[in-house]
2 protein chains.
Amino acid sequence: MKLPFVQPKMMGDMIRRQIRAVLYRDLVSTTAELAQSTGISFPTISKTLDEMNNQGEVVLTGLGASSGGRRPKQYRLNADHMTGLAVALEKDYSSYALLNYVGEVIGREKLPGVLHDGPERLTEQIGTFVQRYPHLRALTLGVPGAVNNGRVFHIPDYEKFKNFDFKALYEERFSLRVQVENDMNATVLGYHDRSGDDQNRSLVYLYLGQNGPGAGIMVNGDVVRGSSFFSGEVSFLPLYDSQNFSQAVQEPPSAQDGTERRAKLIDAMSRLVAVFTATLNPHTVLFCSTDLTERDLADVRKGSASYVPADNLPSLLVRDWEEDYFHGLNQLTIRTMLGLGID
Amino acid sequence: MKLPFVQPKMMGDMIRRQIRAVLYRDLVSTTAELAQSTGISFPTISKTLDEMNNQGEVVLTGLGASSGGRRPKQYRLNADHMTGLAVALEKDYSSYALLNYVGEVIGREKLPGVLHDGPERLTEQIGTFVQRYPHLRALTLGVPGAVNNGRVFHIPDYEKFKNFDFKALYEERFSLRVQVENDMNATVLGYHDRSGDDQNRSLVYLYLGQNGPGAGIMVNGDVVRGSSFFSGEVSFLPLYDSQNFSQAVQEPPSAQDGTERRAKLIDAMSRLVAVFTATLNPHTVLFCSTDLTERDLADVRKGSASYVPADNLPSLLVRDWEEDYFHGLNQLTIRTMLGLGID
DNA sequence: CCAACTTATTAAAGTTCTTTAATTACTTTC
DNA sequence: GAAAGTAATTAAAGAACTTTAATAAGTTGG
């Protein structure tokens with residue numbers, strides 16, 4: 001019984017968002033094309049585009065090709081209108097990506113990790129970017145921990161960040177739009193965006209990280225956070241009589257045959273796939289290239305078919321985790337800049 | 001990057017929906033109250049309400065109490081404006097509920113089951129209702145099988161209904177708005193509505209039916225259908241070295257101690273709860289009173305805490321399955337009547 | 001190079017909402 | 001039981017969109 005409703009007051013705002021979204025997607029567009037793909041009438045598009053041009057949000061790049069009539073003005077987003085910063089906080093490094101208003105990465109830096117040191121170091125690092133880039137307006141932080149509305153409240157091994165409210169602090173201090181996201185959630189979002197696939201898909205992105213395995217889950221196009229932000233903590237899955245997923249995957253203390261160990265890993269993964277198939281029945285399950293090879297994947301595919309009917313299995317893919325993760329953070333940042341966030 | 005957008009053309013329609021939704025919720029309301037709770041200006045509400053009154057969709061029930069001024073006109077939905085039919089197709093019976101425009105059950109019938117006989121019997125049964133109730137406009141069918149857009153495409157044991165397109169046939173034949181939903185999906189929806197809880201919750205509704213166990217899953221307030229409509233088929237969950245959920249729950253062929261059997265059931269259930277907690281981390285997991293007692297539930301609660309940290313466990317509840325199921329079907333019907341469906 | 005044709009842009013008129021004002025219908029109080 | 005007060009309803013003015021018409025700017029072909 002949810003009724004999303006747009007009051008006339010918000011129309012102007014909505015129209016701008018639509019324009020931004022299309023301009024971001026198509027890079028360059030004309031009034032007629034925008035009217036076409038947004039469904040908004042061309043006089044309105046024209047008027048709004050004028051305003052956006054005056055405010056420096058879009059720029060006129062010239063005239064388009066003609067097919068027998070007056071040549072149309074072409075607009076695109078002004079790359080310099082705003083810049084955003086996407087930060088991945090990992091144990092060993094902080095990865096910073098600077099993004100312009102059209103979504104291009106205009107700078108990338110890896111600085112020392114701050115998770116052990118504490119928030120002060122992070123604030124310093126961010127501060128330098130704020131100084132260097134006066135158009136900085138959006139900041140996205142990816143963290144390996146549970147996040148609720150900009151505050152980290154469960155981050156094992158990095159006690160100094162526990163209960164640290166990134167959003168409150170940095171919005172105040174730097175006057176930026178700040179959002180914080182769990183790393184696997186950002187990753188699954190990143191894949192979803194890169195895949196270009198239809199909206200509303202269900203995905204599971206699995207990572208056997210250093211801090212124990214975890215999964216990012218997306219259902220019907222939305223990230224699943226869980227009632228206590230515990231979603232995707234697959235290490236606890238009771239998949240064997242006396243072992244959970246984590247224990248099955250972990251290297252056993254006793255010397256063990258390599259092939260046997262591999263078989264165990266494959267089976268655990270197969271069961272994991274079966275678990276998701278028999279619950280969410282997702283379209284795709286993603287693995288990290290650091291965790292599994294293509295050959296492993298084939299075996300997992302076979303293995304999981306012994307647990308659930310093969311017709312219902314998701315497609316399994318091996319991915320570069322870092323790429324998807326960074327892309328997810330970038331994506332979140334750009335959406336914020338363009339005003340297309342969740343709000 | 002989804003942008004729900006309301007064009008001015010659809011405003012009128014949206015306004016009516018808002019009014020219906022509030023009127024359904026509050027039963028009776030005045031112009032001022034409607035303007036208040038919808039956020040729409042009172043002249044617009046007034047005008048729309050007039051139209052709806054002329055068309056017989058709402059009725060004027062009198063004047064409200066005054067607090068020192070002119071007494072306000074009170075409107076409510078016209079119960080007779082439309083009627084809907086919610087049907088649960090089970091093996092042993094077909095349960096029919098007739099609903100008026102304010103959501104009241106104005107008739108209930110249990111007719112013989114039709115699943116074994118085939119679609120003709122069902123068409124007959126429905127036909128009698130169509131004849132008897134000229135205001136019938138909406139039909140909802142609940143079926144124990146996988147459904148895709150009004151067509152059943154996987155319904156074990158009831159071959160005659162396989163690939164039967166309820167929606168196409170009955171919309172044509174009876175000119176009704178028809179929707180078909182899987183039984184467990186309708187059930188979880190029914191609970192969600194009855195609970196009155198906040199939107200956007202994640203729920204799992206478990207049922208150890210005759211046709212093998214199944215679950216209805218809701219994430220962030222949306223029913224999860226899965227890529228091949230296989231979601232919730234928890235019987236396949238590999239929870240033990242050499243048994244899946246279904247096998248663990250099933251009565252073993254050998255004579256076995258009753259308490260031992262119970263312990264096994266409890267453990268399987270505990271693991272199931274653990275599986276959902278470590279993946280979706282739902283707010284609540286529901287069980288059927290036919291499957292589990294309150295005492296069992298306490299043991300499950302304890303048991304699952306041995307698999308995942310207790311803080312993250314969902315609340316566990318025992319429910320009357322049929323009640324929630326029927327309520328879910330009714331709810332779907334009413335939403336369709338009021339134009340609040342998914343569309 | 002100009003007439004005929006296309007297409008973009010600008011302008012005007014029409015809808016439909018909101019906001020504000022005026023009127024009407026009650027209540028309350030003296 | 002008026003007069004004063006309060007709240008609902010109706011009416012008028014304003015805002016922001018769409019639709020339709022008019023105009024401007026190019027193309028193309030003889």
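Below, read A as the first sequence line, B as the second, and so on, with proteins coming before strands; counting in each chain starts at 1. No experiment lies behind these values; they were computed from the predicted model shown.
Other residues, nucleotides and ligands contribute only 12 or fewer heavy atoms inside 6.0 Å of the CD atom of E172(B). Summarising the local packing, CD of Q36(A) is surrounded by 12 or fewer heavy atoms from other residues, nucleotides or ligands at distances under 6.0 Å.
Considering OG1 of T61(A) and OH of Y75(A), their distance stands at 9.5 Å, rounded to 0.5 Å. Note that the CG atom of L49(B) and the OG atom of S29(B) stand 8.5 Å from one another [nearest 0.5 Å].
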- For Y24(A) and L77(A), run side chain to side chain contact (heavy atoms under 4.5 Å, CB included): C-alpha distance rounded to whole Å, both residues' side-chain angles, the deciding distance at 0.1 Å, then the answer. CA-CA 7 Å; Y24(A) 175 72; L77(A) 292 172; 4.1 Å; yes
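For D50(A) and dA8(C), the CG to P distance is 16 Å, given to the nearest whole Å. To the nearest angstrom, P of dA16(D) lies 16 Å from CE of M14(A). Distance CG (L63(B)) to P (dA25(C)): 12 Å, rounded to an integer number of Å. One atom, CE of M10(A), and another, P of dT18(C), lie 13 Å apart when rounded to the nearest Å. If you take CD of Q36(A) and P of dT7(C), they are 14 Å apart, rounded to a whole angstrom. The CD-C1' distance, from Q74(B) to dA7(D), rounds to 14 Å in whole Å. Atom P of nucleotide dA16(D) and atom CD of E51(A) are separated by 10 Å, given to the nearest angstrom. Between I45(B) atom CD1 and dT19(C) atom C1' there is a gap of 15 Å when expressed in whole angstrom units.
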Distances for protein N or O near nucleotides 27-30 of chain C N or O, under 3.5 Å:
none

Please list, for nucleotides 13-17 of chain C, all pairs of protein and nucleotide N/O atoms separated by less than 3.5 Å.
residue	atom	partner	partner atom	Å
dC17(C)	OP2	K47(B)	NZ	3.3

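Side-chain N/O atoms of S46(A) include none lying less than 4.0 angstrom from OP1 or OP2 on dA8(C). When the side-chain nitrogen and oxygen atoms of T30(A) are compared with OP1 and OP2 of dA8(C), none of them lie within a distance under 4.0 Å.
Side-chain N or O atoms of Q179(A) include one that pairs as donor or acceptor with a backbone N or O of L332(A) at under 3.5 Å.
Between D193(A) and H327(A) the shortest heavy-atom distance is OD2-NE2, 2.7 Å. The two residues R17(B) and L340(B) come nearest to each other via the heavy atoms O-CD2, 3.7 Å.
Taking the side chain of F42(B) as heavy atoms from C-beta on, and the options dT19(D), dT9(C), dT20(C), the nearest nucleotide is dT20(C).
Mapping P72(B) and P43(B) onto DNA chain D by nearest heavy atom places P72(B) closer to the 5' end of the strand.
A cation-pi arrangement is present between R132(A) and F129(A) under the rule of less than 6.0 angstrom and at most 45 degrees off the ring axis.
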